[in-house]
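A quick write-up on the structure given underneath.
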Amino acid sequence: MTGRRREDVIDQLSRVGDAGAAVEELLSQKSQTSFFTVELTLADIMAGLVEISGMEGGRSQREKIRVIQRLLSSASPLEGHYITAILLEDFRIGVGDGNLRDAIAQAFTVDPKLVEYANQVRNDMGEVSVLALSGEEALRSVRLVPFHPVRMMLARQGTISGVLGEGVRVAVEYKYDGARFQFHKQNGTCRMYSRRLEEVTSAMPDVVALLDGALPDDVIVDGEVIAVQDGRPMPFQMVLRRFRRKHNVAQAADAITMVPNLFDILYYNQEMLIDRPFIERREILTKVSSRYVTPQLVSGKEEEIEDYYHDALDAGHEGVMLKLLDSRYTPGVRGKDWVKIKPEADTLDLVVTGAEWGEGKRAQVFGSFLLSVRSNGRLVPISRVATGFSDEQLNWLFQTLQDDIIRKDGKMVYFEPRLVFEIGYSEIQKSPNYEGGYALRFPRFIEVREDKDIKEANTAEDVEERYILAHRPVNN
DNA sequence: CTTGTCTGCCCC
DNA sequence: ATTCTGC
DNA sequence: GCAGAATGGGCAGACAAG
């Protein structure tokens with residue numbers, strides 16, 4: 001569209017770190033040498049977007065590219081910027097749900113709290129905006145309806161002692177390493193939704209059948225499915241092989257057994273329950289469901305909760321959740337009413353063998369680093385890391401590593417090994433993507449071990465040993 | 001038909 | 001997921 | 001305290017290319 005070479009465009013993109021801004025610049029350079037443009041209308045853009053959304057199958061990518069090329073070539077630089085932003089769903093204009101909520105509240109002179117409440121229940125700002133037009137009463141009277149999934153309530157990280165105060169009692173439940181789901185049933189029809197509210201019913205026929213059998217009609221419940229074998233939870237990777245599958249579902253269901261665990265109920269028998277206290281919802285859930293309700297301890301004793309937590313870890317779960325007994329169900333909110341307790345991260349000392357240029361606010365520095373373990377006198381990659389750095393540390397690393405670069409390949413650079421990072425992680429997992437066969441789950445940067453030479457970094461044998469140790473059967 | 005690469009209102 | 005940052 | 005931003009491993013799917 002601008003007659004530029006592919007490399008120029010990539011170069012531009014990595015320089016500004018924002019595709020919209022990059023397109024704007026490229027188009028403005030082009031307009032100096034080009035003479036005509038056809039005026040682009042909103043209808044043209046809409047038509048293009050509709051056309052693209054309907055394309056699939058063979059050669060569809062090429063066709064999509066053709067349509068985008070047509071739009072951009074008749075766009076002004078600013079238009080190009082925002083067409084690109086629309087296509088990537090990436091506006092970077094600092095307007096999130098909060099600002100939108102306040103704008104709707106002001107436009108229709110209603111309480112922002114009610115706008116938020118209605119959006120929590122209906123999960124559709126467009127619909128909420130229409131309700132706001134009719135006034136506060138309409139917002140107040142919104143109700144949950146089966147097959148309109150609501151956003152899930154989220155938890156924050158914490159510690160047991162941090163949650164327990166004077167005389168505070170909490171509900172303690174296992175934290176499962178699986179996939180969150182919401183299950184709806186009405187008039188004999190069942191549907192299951194993922195955390196991002198995608199429908200996964202057809203991928204989970206076995207789980208849906210179990211829940212159908214265990215639950216009455218007209219309910220919405222919240223839970224987590226895990227993969228199990230011989231009564232023990234399987235690695236998260238097994239869950240991934242099942243959860244959003246479209247093809248060979250029956251075969252996969254045969255190979256990997258999935259079990260639901262229910263921990264909340266949002267709606268039952270025409271009644272919305274999200275504003276009830278958690279203990280009440282729990283009581284209703286245990287009455288309503290004949291099976292699959294997650295075990296629960298209610299306690300205010302730190303020692304007792306610690307024991308329960310260690311039982312959870314011994315059983316192969318991630319940790320526990322602590323839930324305040326009187327908390328409402330707040331869709332989409334990561335509030336302090338639910339707190340997850342997980343083990344502190346283990347750490348490894350790893351050699352920095354490469355890095356990749358960043359994007360956005362990291363466009364001028366390395367955005368992630370390649371990490372390796374020692375193995376028979378060689379260095380073997382085991383993971384990357386991209387979080388845990390302050391901006392200052394990223395700048396320093398970018399500068400200090402310049403002299404170590406021995407090879408470049410696209411946005412990747414490779415170093416003469418010198419630095420050792422201490423890296424925190426939650427788990428070592430089998431990896432098909434790294435040469436050594438293992439990778440770290442949730443890696444994060446702790447610090448540069450300036451006191452350590454690369455010869456003192458951890459080895460592939462260390463990693464394997466830790467993997468085996470973590471997966472050995474527990475004997476009691 | 002196989003293989004490689006990229007994407008996902010993706011899962012964590 | 002985790003983490004840092006600006007408000 | 002909150003929301004936003006930038007990034008991790010890994011899976012199935014969808015396409016493109018051979």
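Letters A, B, ... mirror the listed sequences (proteins, then strands); counts begin at 1.
Regarding A:Arg334, its CZ atom lies at a distance of 12 Å from the C1' atom of D:dC2, rounded to whole Å.
Distances shorter than 4.0 Å separate some side-chain N or O of A:Ser368 from OP1 or OP2 on D:dG8. Distances shorter than 4.0 Å separate some side-chain N or O of A:Lys340 from OP1 or OP2 on C:dT2. Applying the 4.0 Å criterion to OP1 and OP2 of D:dG9, one finds that A:Arg441 has every side-chain N and O outside that range. OP1 or OP2 of C:dC4 has not a single side-chain nitrogen or oxygen of A:Lys361 nearer than 4.0 Å. The side chain of A:Lys336 places no N or O atom within less than 4.0 Å of a non-bridging phosphate oxygen (OP1 or OP2) of D:dC2. A sub-4.0 Å separation between OP1 or OP2 of C:dT2 and a side-chain N or O of A:Ser426 is absent. Phosphate proximity of B:dC11 to A:Ser194: present, with a side-chain N or O under 4.0 Å from OP1 or OP2. Proximity of A:Asn433 to the phosphate of D:dG10: a side-chain N or O atom is located under 4.0 Å from OP1 or OP2. The side chain of A:Arg362 contributes no N or O atom lying less than 4.0 Å from OP1 or OP2 of D:dA6.
At the heavy-atom level, A:Lys64 lies nowhere under 4.0 Å from the strands shown. Among the heavy atoms of the strands, none lies under 4.0 Å from A:Tyr425.
Around CZ of A:Arg59, the count of heavy atoms belonging to other residues, nucleotides or ligands within 6.0 Å does not exceed 12. Annotation for A:Glu199: atom CD counts as buried by contact number, over 12 foreign heavy atoms lying within 6.0 Å.
The side chain to side chain contact (heavy atoms under 4.5 Å, CB included) test with A:Val115 singles out one residue from A:Asp102, A:Leu100, A:Val128, and that residue is A:Val128. The salt bridge (charged side-chain N to carboxylate O under 4.0 Å, His left out) test with A:Glu356 is passed by exactly one of A:Lys411, A:Lys408, A:Arg384, A:Arg362: A:Arg384. Just one of A:Lys342, A:Arg232, A:Arg441 meets the salt bridge (charged side-chain N to carboxylate O under 4.0 Å, His left out) condition when paired with A:Asp177; it is A:Arg441.
Side chain of A:Gln157, nearest nucleotide from C:dT3, D:dT7, D:dA12: C:dT3. Nearest to the side-chain atoms of A:Gln61 among the listed nucleotides D:dC15, D:dG9, D:dA6 stands D:dC15. Between D:dC11, D:dT7, D:dG8, one nucleotide has an atom nearer to the side chain of A:Pro432 than all others, and that is D:dC11. When distances are taken from the side chain of A:Gln237 to each of D:dG10, D:dG9, B:dC9, the shortest belongs to D:dG10. Relative to the side chain of A:Ala179, the nucleotides B:dC11, D:dA12, D:dG10 differ in distance, and B:dC11 lies closest. Of the candidate nucleotides D:dG10, C:dT5, B:dC12, C:dT5 has the atom nearest to the side chain of A:Asp391.
Between the side chains of A:Tyr425 and A:Ser383, no donor N or O sits under 3.5 Å from an acceptor N or O.
Taking atom P in both B:dC6 and D:dG8, the straight-line distance is 14 Å, to the nearest Å. Nucleotides B:dG8 and B:dC12 place their C1' atoms 14 Å apart, quoted to the nearest Å. Comparing D:dT7 with B:dT7, their P atoms sit 15 Å apart, to the nearest whole Å.
For D:dG8, its base never sits under 3.5 Å from the side chain of A:Arg444 at any donor and acceptor pair. Side-chain atoms of A:Thr387 and base atoms of C:dT2 include a donor and an acceptor less than 3.5 Å apart.
The residue among A:Lys175 and A:Ser390 whose nearest nucleotide of DNA chain C lies closer to the 5′ end is A:Lys175. The residue among A:Gly388 and A:Phe442 whose nearest nucleotide of DNA chain C lies closer to the 5′ end is A:Phe442.
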